[in-house]
Amino acid sequence: MDATTVVLFGATGDLAKRKIYPALYNLYLDHKMPESFSVIGLGRRDWSDAFFQQQVKDSLTTFSRRAIDPAGLNAFISAFRYSVLDVDRPEDYKTLLQLVEQREKELNIPSNRMFYLSVGPEYFDTIASNIKSSGLGSTQGWKRLIIEKPFGRDLKSAQELNEKLSKSFEEDEIFRIDHYLGKPMVQNLEVLEYSNPVIHALWSNRYIANVQITAAETVGVEERAGYYDKTGAIRDMFQNHMLQLLMMTAMQLPKQSTPEEVRRKKKNVMESLRPLIKEDIASNIIRAQYTAGELAGKPVQGYKDEPGIKATSQNDTFIAAKLWIDDYFWKGIPFYIRTGKRMKEKSTRIVIEFKEPLEQYNEPHHESAQPNLLIIDINPNEGIALQLNSKDSLNQGQFIPVRANAFTNAKEMPEAYENLIFDAMRGDATFFAHWDEVELSWKWVQPILEAFEEGIIPLQSYAAGSNGPQAAHDLLGNHKWWLDTEPTPAATPTQAEDRELSRV
Ligand SMILES: NC(=O)C1=CN([C@@H]2O[C@H](COP(=O)(O)OP(=O)(O)OC[C@H]3O[C@@H](n4cnc5c(N)ncnc54)[C@H](OP(=O)(O)O)[C@@H]3O)[C@@H](O)[C@H]2O)C=CC1
Ligand SMILES: O=C1O[C@H](COP(=O)(O)O)[C@@H](O)[C@H](O)[C@H]1O
């Protein structure tokens with residue numbers, strides 16, 4: 001891998017501490033960092049190098065998934081330097097350039113520069129143009145820009161932001177992070193389909209009845225009232241993470257797994273996604289807000305009582321949607337998507353429900369038969385399960401669902417940020433959101449945002465600790481959200497893989 005300088009804007013912030021430093025450290029332990037690298041942290045706080053290095057060490061002690069190796073830690077930390085920078089002060093970029101060049105010389109790093117913008121999106125444009133005007137972006141090697149979400153708050157603002165960024169960086173230099181694309185099971189979806197003829201053969205509207213994608217969280221708004229109350233589940237999760245999961249699930253297998261091909265296939269999905277017209281929005285989109293309830297046996301307050309949230313807030317903390325992909329493979333198959341805070345369990349999961357097994361053979365419907373399910377657990381458990389029907393030897397003539405489970409120990413898997421930072425350093429953009437996908441996602445979501453503003457969609461409520469509002473269950477008609485009440489078995493902590501055929 002090329003020797004690299006990581007220039008981290010927002011080095012004093014929460015994301016850097018919780019995700020970025022632990023990811024860099026784990027990559028270092030796995031020998032996935034370049035032989036020679038430099039990290040320059042930036043923020044307005046007047047920190048010294050030594051203080052910054054101590055902050056990084058503290059963050060690793062708290063957040064790294066690995067035990068700290070004191071000897072290796074010092075070598076790792078010695079690559080870190082700090083420079084004070086206010087995004088609006090051009091002179092700070094000049095000082096930064098001098099420091100970057102000095103470290104490149106000391107460490108013999110050709111000018112390959114990765115600018116990581118772990119700051120609020122309101123600063124993206126200013127930083128990108130200052131990188132250009134200060135000369136920081138005039139590298140002899142490569143330059144890359146990593147940006148965090150949110151990318152705009154509607155179609156127009158996203159287009160404006162992209163227009164501005166493209167004055168300083170080419171599209172192939174911009175790495176838009178969607179951390180769901182870094183999750184190991186999401187990165188595994190393509191492989192599951194192409195390396196398993198059983199799954200591949202069934203992956204179409206001929207055999208699939210519906211697809212359900214859930215990202216349920218038990219946490220509430222936490223300390224993010226200011227951000228979340230203006231954002232809601234639709235912008236915070238649905239427009240980005242949930243639509244990315246949809247693209248990854250529904251895309252047709254690329255002939256070659258190159259970034260260009262994968263992104264082209266994802267774009268095809270978005271282009272085939274049936275647009276919502278205003279009249280149909282209320283019957284296909286459910287929005288809701290949590291009220292007081294109980295989680296893990298403890299009472300929790302409602303959204304409106306959370307610190308920093310107004311009692312009149314009409315913000316959504318839950319979204320469910322019914323979508324149709326009008327292409328050859330998925331025509332006629334509903335995709336159900338939902339995401340919410342303060343739900344019963346933390347679970348990101350894709351469930352593929354297959355068509356009734358007996359119907360096609362004209363046998364009398366057997367009421368104890370359940371649909372076959374393919375269950376892909378993404379987070380916090382990681383694994384797949386296949387639910388099949390089997391003869392129930394204890395009850396004559398009855399069927400019983402059994403599950404073949406394969407779970408991995410999530411603690412041993414690289415964290416999303418590790419995968420993504422590693423890819424960005426190698427210049428592999430496969431699991432980053434291309435502008436075309438982002439724009440198409442906003443285009444699809446835009447009528448929903450307008451319908452919200454116009455009050456066309458009622459705001460439902462659901463008790464904290466539940467599986468969401470009744471309306472989200474009604475959305476599925478004769479079907480149901482699978483596994484709502486029966487979490488799939490967790491991985492055995494001592495075993496890397498646990499394969500079993502179990503009774504459900
Ligand atoms: N935290 C998280 O879990 C997640 C965050 N994100 C995104 O990551 C980005 C960063 O979030 P987070 O770390 O939580 O935010 P924080 O508020 O914790 O940190 C913001 C950072 O920006 C710096 N900053 C703010 N204003 C300026 C300025 N004028 N000039 C220079 N630096 C400035 C701050 O440094 P200083 O105060 O020293 O100036 C600080 O380091 C945001 O875009 C957020 O949406 C995305 C997913 C998850
Ligand atoms: O981006 C975000 O994601 C988290 C959920 O991420 P996960 O990896 O824990 O599933 C969510 O809590 C947060 O509101 C949102 O901004």
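What you are looking at is a predicted structure, and each value in this text was computed from that prediction instead of being measured. Just the heavy atoms: all of them, side chains too, but no hydrogens, waters or symmetry mates, feed the values below. In listed order, ligands and their atoms are each counted from 1.
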Neighbouring residues of ligand 1, heavy-atom cut-off under 4.0 Å:
G10, A11, T12, G13, D14, L15, R18, G43, R44, R45, L85, D86, V87, S118, V119, G120, P121, Y123, E148, K149, P150
Atom 9 (O) of ligand 2: the protein heavy-atom neighbour that sits closest, reported with distance to 0.1 Å
K346 NZ, 2.9 Å
Around K156, counting heavy atoms of other residues, nucleotides and ligands shown, do more than 12 lie under 6.0 Å from its NZ?
no
Which residue holds the protein heavy atom closest to atom 4 (C) of ligand 2, what is that atom called, and what is the gap in Å?
E217 OE1, 4.1 Å
With K322 as the cation and Y336 as the aromatic partner, state whether NZ or CZ is under 6.0 Å from the six-membered ring centre and within 45° of the axis.
no
Under 3.5 Å: N/O of H241 near N/O of ligand 2:
yes
Nearest heavy atom to atom 13 (C) of ligand 2 wins, so pick from R224, R235, H179.
R224
Answer yes or no for R144 and F115: cation-pi contact, defined as NZ/CZ to six-membered ring centre under 6.0 Å and angle to ring axis within 45°.
no
Is the gap between the ring centers of F76 and Y25 under 6.0 Å?
yes
Which atoms of ligand 2 are found less than 4.0 Å from any heavy atom of K149?
1 (O), 2 (C), 15 (C), 16 (O)
Counting from 1, what ligand 2 atoms have a heavy atom of K341 closer than 4.0 Å?
11 (C), 12 (O), 13 (C), 14 (O)
Out of K19, E415, K183, whose heavy atom sits nearest atom 8 (O) of ligand 2?
K183
Nitrogen or oxygen of Y180 less than 3.5 angstrom from that of ligand 2
yes
Over-ring placement of R176 relative to F151, 6.0 Å and 45° cut-offs:
yes
Only heavy atoms of D236, strictly under 4.0 Å: list the atoms of ligand 2 that pass.
13 (C), 14 (O), 15 (C), 16 (O)
Gap between atom CG of L117 and atom CD of E148 - 0.5 Å precision
9.5 Å
Ring pair (Phe, Tyr, Trp, His ring centres under 6.0 Å), that's the test. Do Y123 and F9 meet it? Break it down for me.
CA-CA 10 Å; Y123 300 129; F9 295 80; over 10 Å; no
What's the separation between atom NE2 in H434 and atom CG in D172, rounded to the nearest 0.5 Å?
8.5 Å
Ignoring hydrogens, what is the shortest heavy-atom contact between W203 and E193? Give both atom names and the distance.
CD1-OE2, 3.1 Å
In this structure, are over 12 heavy atoms from other groups packed under 6.0 Å from E223 atom CD?
no
